There are 2 protein chains.
Amino acid sequence: MNSDANTRRKDTRGEISGCALRLFAERGYAAVSMRDIAEAVGVRQGAIYNHFASKQELLAELMTSHLEAVLRAHEAALAGVAGPVARLEAFARFHVGYHLDYPADVFIAYMELRSLEPEGFRRINAMRSRYEGTLRAILAEGAAAGLFSIGDPAVHARALLAMLTGVTVWYREGGRLDRATIIEDYVRATLQSVGLRMPRGGDKECSTQP
Amino acid sequence: MNSDANTRRKDTRGEISGCALRLFAERGYAAVSMRDIAEAVGVRQGAIYNHFASKQELLAELMTSHLEAVLRAHEAALAGVAGPVARLEAFARFHVGYHLDYPADVFIAYMELRSLEPEGFRRINAMRSRYEGTLRAILAEGAAAGLFSIGDPAVHARALLAMLTGVTVWYREGGRLDRATIIEDYVRATLQSVGLRMPRGGDKECSTQP
DNA sequence: TAGGTGAATGAACGATCGTTCACTGGAAGA
DNA sequence: TCTTCCAGTGAACGATCGTTCATTCACCTA
């Protein structure tokens, strides 16, 4: 029963993170109290402070670990992919897929930046800028090579990030459309937005067939 | 001095709306207190209740009047415009332009839906759905006519709305790019995203010139 | 000039906020 | 078996929350 004990061993810290993540995403940082989080975990409010120094640190921790995971996964997804077109497609595919898998993490990282106090804001905003910068670089490279037809690369990068991230706002598991279809739609919109035609021929191109 | 008196006559209700709008947009509904709003207006907190029944009603009022204005302006912008391509361009041009003019209103209407209590939520969400529906109809019509190359029209509509609305997140007056340039970039991205090439020839097409 | 009216005040309310802390209980190491 | 020690408790703190209300004030009408 030793491994069982290890498996079942309560991971209060992890549960606090998970519940706080969900609640912050649902209602917003300011609208969630430490008592709400404690109740969701199944402890009293004092217990949280055995694991996190403050509500603010809890938020910063959630955002930091999320952004570190995003940057790691993002670098892995683009590693070895060469050329602006292929890299843009890989970026879009990764971004939407990751956001479908971790909607709450992403939503918080985008929405609650303003809830961070200056120090945490600077650190976490720098990580976000790094991510945005890689997309901007792809777009600038493609435009310089004459492959993309876009206006300002920085504007287009922000436009695409907003579009791709927006999937978290409406997507719900078990809805009308499956994950793969949604990703393909967003990838298509992304590639076409820079003036490309579809990556591959016209399979499943038709939009009106049921 | 009569007209002067009328002109200078204090419009406390209007000032409360304006300050609340700005503060809600900056910090979020839950993070702004009635005392914060009162201080911004220059009155004590009790005075607000002479004009609004509650904080919740104040939020609902802001969102309702904004959405009514958007729907009115949107219908005017699309009136008489025929054909999916022209209508899509008009939609994108209107949406970005309006959002550049009223970023705080728009930001609140998108972000604070979850802060509304059930009744207000239903009413205001219905208005938002109406707006989204007109874009979805344009896309479906264009796809059915074989003009647009898109996946699911509902997905693409949400993708475009997220992209176009995202301009409010980063745009600041007096920045590097002027209003007209930004609008053109977003219009181009929108039209190209459905598989169209640029609306008009190649003037100011180059993306790398300074 | 007297009376009426709507807006602003400022103190107060009960509730809830983030946070602290002396304590308790139970499992791990000696 | 005894000791140690961390995690959890539950009450309490000062502050702040949305809201109320008796009162005061300034202005319009008659």
Side-chain angles (χ1 to χ4, degrees), chain A residues 1-21 23-24 26-63 108 112 114-120, chain B residues 1-21 23-24 26-63 108 112 114-120:
Chain A
M1 297 283 178
N2 218 339
S3 75
D4 206 79
N6 280 341
T7 312
R8 286 199 199 162
R9 168 74 144 288
K10 292 210 294 184
D11 175 20
T12 306
R13 187 187 157 92
E15 283 184 29
I16 293 170
S17 289
C19 292
L21 181 71
L23 291 172
F24 287 164
E26 279 172 14
R27 307 183 207 163
Y29 174 77
V32 175
S33 71
M34 296 299 259
R35 284 165 179 84
D36 292 336
I37 299 169
E39 190 187 10
V41 174
V43 297
R44 305 286 155 249
Q45 66 258 23
I48 297 180
Y49 290 86
N50 288 325
H51 303 277
F52 297 93
S54 67
K55 189 185 178 190
Q56 181 69 204
E57 191 199 273
L58 176 52
L59 174 64
E61 235 277 338
L62 290 177
M63 295 177 81
I108 288 179
E112 301 295 354
R114 66 181 173 192
S115 299
L116 287 170
E117 284 157 13
E119 185 204 320
Chain B
M1 295 285 177
N2 219 338
S3 75
D4 206 78
N6 281 341
T7 312
R8 286 201 199 160
R9 169 74 146 286
K10 291 209 296 183
D11 175 21
T12 305
R13 187 187 157 90
E15 284 184 29
I16 292 170
S17 289
C19 291
L21 180 72
L23 290 172
F24 287 164
E26 280 172 13
R27 307 183 208 164
Y29 174 77
V32 175
S33 71
M34 295 298 259
R35 285 165 178 84
D36 291 337
I37 298 168
E39 191 188 12
V41 174
V43 297
R44 303 290 153 247
Q45 68 258 26
I48 298 180
Y49 291 87
N50 288 324
H51 303 277
F52 297 93
S54 66
K55 189 187 179 189
Q56 180 70 203
E57 191 200 273
L58 176 51
L59 175 64
E61 235 276 339
L62 290 177
M63 294 176 83
I108 288 179
E112 301 295 355
R114 66 180 172 195
S115 300
L116 286 170
E117 283 156 15
E119 186 205 318

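The shown structure was predicted, so the numbers you read here are calculated from the model rather than taken from an experiment. Residue numbering restarts at 1 for every chain, and letters A, B, ... go by the order of the sequence lines.
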Stems involving DNA chain D, each a run of at least 3 consecutive Watson-Crick or G-U pairs under 3.5 Å: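 If one scans DNA chain D for consecutive Watson-Crick or G-U pairs, the stems found are C:1-30 with D:1-30.
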Tell me the interatomic distance from [X], atom [atom1], to [N], atom [atom2], rounded to whole angstroms.
X       : N      : atom1 : atom2 : answer
B:Asp11 : C:dG6  : CG    : P     : 17 Å
B:Arg13 : C:dA8  : CZ    : P     : 12 Å
B:Ile16 : C:dA8  : CD1   : P     : 7 Å
A:Leu59 : C:dC17 : CG    : C1'   : 17 Å
B:Glu15 : C:dA8  : CD    : P     : 9 Å
B:Ile48 : D:dT19 : CD1   : P     : 10 Å

B:Thr12 vs C:dA7: side-chain N/O to OP1/OP2 distance below 4.0 Å: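 False: B:Thr12 side-chain N/O out of range (4.0 Å or more) of C:dA7 OP1/OP2.
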N or O in side chain of A:His51 less than 4.0 angstrom from D:dG8 OP1/OP2: yes
For A:Glu117, all residues meeting salt bridge (charged side-chain N to carboxylate O under 4.0 Å, His left out), sequence neighbours excluded: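 Per chain and number, A:Glu117 pairs via salt bridge (charged side-chain N to carboxylate O under 4.0 Å, His left out) with no residue.
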Partners meeting salt bridge (charged side-chain N to carboxylate O under 4.0 Å, His left out) with A:Arg114 (sequence neighbours left out):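 Partners of A:Arg114 under the salt bridge (charged side-chain N to carboxylate O under 4.0 Å, His left out) test: B:Glu112.
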For the student: nearest non-hydrogen atoms of [X] and [Y], plus distance:
X       : Y       : value
B:Phe52 : B:Ser17 : CZ-OG, 3.6 Å
B:Leu58 : B:Ala20 : CD2-CB, 3.9 Å
A:Thr12 : A:Val41 : CG2-CG1, 4.5 Å

For [X], all residues meeting side chain to side chain donor-acceptor pair (under 3.5 Å), sequence neighbours excluded:
X       : answer
B:Arg35 : none
B:Gln56 : B:Tyr29
A:Gln45 : none

Set of side-chain contact (heavy atoms from CB on, under 4.5 Å) partners for B:Val32, sequence neighbours left out: B:Leu23, B:Phe24, B:Arg27, B:Asp36, B:Ile37
side-chain contact (heavy atoms from CB on, under 4.5 Å) partners of B:Asn50, counting only residues at least two apart: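 For B:Asn50 there are no side-chain contact (heavy atoms from CB on, under 4.5 Å) partners, ignoring immediate neighbours.
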Salt bridge (charged side-chain N to carboxylate O under 4.0 Å, His left out): pairs with one or both residues in residues 45-62 of chain B, sequence neighbours excluded: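 Passing the test, one end in residues 45-62 of chain B: B:Arg13-B:Glu61.
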hbond_proxy B:Asn50 side chain to C:dG6 base (donor-acceptor, 3.5 Å cutoff): no
Contact list for DNA chain D against residues 34-44 of chain B - heavy-atom distance below 4.0 Å: B:Met34, B:Arg35
Quick one: which protein N/O atoms are closer than 3.5 Å to N/O atoms of nucleotides 20-23 of chain C? Pair and distance per line, please.
none

